[in-house]
Amino acid sequence: MAQLDDGTDELVIRARDGDGAAWARLVERHSGLLWSIARSHGLNDADSGDVVQTTWLRLVERIDGLRDPSATACWLATTARHESLRLVRRRGRDRPLVPAPRAPEPEPDRVVLGRERLGLVGAALESLPQRCRTLLRLFALAPSHAELAAALGIPLGSVGPTRARCLDALRRLVP
């Protein structure tokens with residue numbers, strides 16, 4: 001049996017042919033990004049789980065029709081974004097984004113300083129435009145610029161410059 005550390009395109013082909021291990025590797029590789037996309041739309045855990053599950057269901061329904069298996073990661077990101085927007089519109093929600101919890105430092109004074117710094121960065125991040133907040137949060141989880149562009153619905157060439165502008169704006173806000 002071939003090693004399952006292949007690219008997404010190879011995993012998609014194997015999953016399409018019924019390889020359960022390839023399917024599991026696809027899910028493992030891309031679920032974090034799908035969850036982050038759903039969460040970036042302000043969805044709670046239950047709704048985010050629905051978005052992720054629906055996105056995988058859409059892939060199951062359409063896997064035989066994929067023309068370019070190497071574009072599956074972008075397809076998943078775009079589908080998760082569309083499903084998130086559909087759910088937000090249906091529920092009429094506009095909740096603030098929830099930052100991911102961080103593990104505390106072992107030394108108490110480092111914990112206090114870290115939390116103060118995190119609070120400053122969090123406050124600065126919340127004062128940025130929505131587009132920058134979403135981009136910076138998703139950037140940490142997106143394996144590639146192409147997947148980030150698909151998740152945000154922006155051109156691939158815009159990811160780097162937009163990220164740089166957002167980081168510059170964030171740096172100006174954090175003392």
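The figures here come from the full heavy-atom set of this structure, side chains too, leaving out hydrogens, waters and symmetry mates. Numbers here are sequence positions counted from 1.
Contact check for Thr72 versus Leu66: side-chain heavy atoms found under the 4.5 Å cut-off. With a 4.5 Å cut-off on side-chain heavy atoms, Leu128 and Leu173 count as touching. Inter-residue side-chain proximity for Arg137 and Arg39 is flagged as unmet; no heavy-atom pair is nearer than 4.5 Å. The side-chain heavy atoms of Trp75 and Asp68, taken from C-beta on, include no pair separated by under 4.5 Å. Side-chain atoms of Thr55 and Arg58, non-hydrogen and from C-beta on, never get closer than 4.5 Å to each other. In this structure, the side chains of Trp56 and Glu61 stay at 4.5 Å or more apart for every pair of heavy atoms. In this structure, the side chains of Val51 and Trp35 stay at 4.5 Å or more apart for every pair of heavy atoms. Between Leu136 and Phe139, the closest side-chain pair of non-hydrogen atoms is not below 4.5 Å.
The OG atom of Ser31 sits 8.5 Å away from the CG atom of Leu76 when rounded to the nearest 0.5 Å. Between the CG atom in Leu148 and the CG atom in Leu138 there is a gap of 6.0 Å [rounded to 0.5 Å]. Within the model, atoms CG of Leu34 and CD of Gln53 stand 12.0 Å from one another, a figure rounded to the nearest 0.5 Å. Expressed to the nearest 0.5 Å, how far CG of Leu57 lies from CZ of Arg62 amounts to 8.5 Å. Separation of atoms CG (Leu59) and CG (Leu26) is listed at 7.0 Å; rounding is to 0.5 Å. Atom OG of Ser36 sits about 4.5 Å away from atom CG of Leu33, to the nearest 0.5 Å.
Under the 4.5 Å side-chain heavy-atom criterion for Ile, Leu, Val, Met, Phe, Trp and Tyr, Leu125 and Val174 are members of the same hydrophobic cluster.
Applying the 6.0 Å contact sphere to CZ of Arg86 captures more than 12 heavy atoms from other residues, nucleotides or ligands.
At least one donor-acceptor pair under 3.5 Å links the side chain of Arg81 to the backbone N or O of Ala151.
Annotation: salt bridge (charged side-chain N to carboxylate O under 4.0 Å, His left out) contacts of Arg67 (sequence neighbours excluded): none. Listed by chain and number, the residues in a salt bridge (charged side-chain N to carboxylate O under 4.0 Å, His left out) with Asp50 amount to none (sequence neighbours excluded).
Side chains of Thr8 and His30: a donor on one and an acceptor on the other come within 3.5 Å. In the model, Gln130 has a side-chain atom that pairs as donor or acceptor with a side-chain atom of Thr134 under 3.5 Å.
Nearest heavy atom pair, residue Arg16 against residue Ile63, reads NH1-O, 3.2 Å.
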- Worked check of side chain to side chain contact (heavy atoms under 4.5 Å, CB included) between Val60 and Trp23: CA-CA 10 Å; Val60 168; Trp23 182 262; 3.5 Å; yes
- Please lay out, stage by stage, how Ser84 and Leu43 fare under the test side chain to side chain contact (heavy atoms under 4.5 Å, CB included). CA-CA 8 Å; Ser84 297; Leu43 299 174; 4.0 Å; yes
- Message: Pair Ile37, His41 - check side chain to side chain contact (heavy atoms under 4.5 Å, CB included), show working.
- Response: CA-CA 7 Å; Ile37 291 167; His41 286 82; 4.0 Å; yes
Under 3.5 Å, which donor-acceptor pairs link side chains of residues 152-169 to any protein atom two or more places apart or in another chain?
{"unit_1": "Thr162", "atom_1": "OG1", "unit_2": "Ser158", "atom_2": "O", "d": "2.6"}
{"unit_1": "Thr162", "atom_1": "OG1", "unit_2": "Arg165", "atom_2": "NH2", "d": "3.3"}
{"unit_1": "Asp168", "atom_1": "OD1", "unit_2": "Arg171", "atom_2": "NH1", "d": "3.1"}

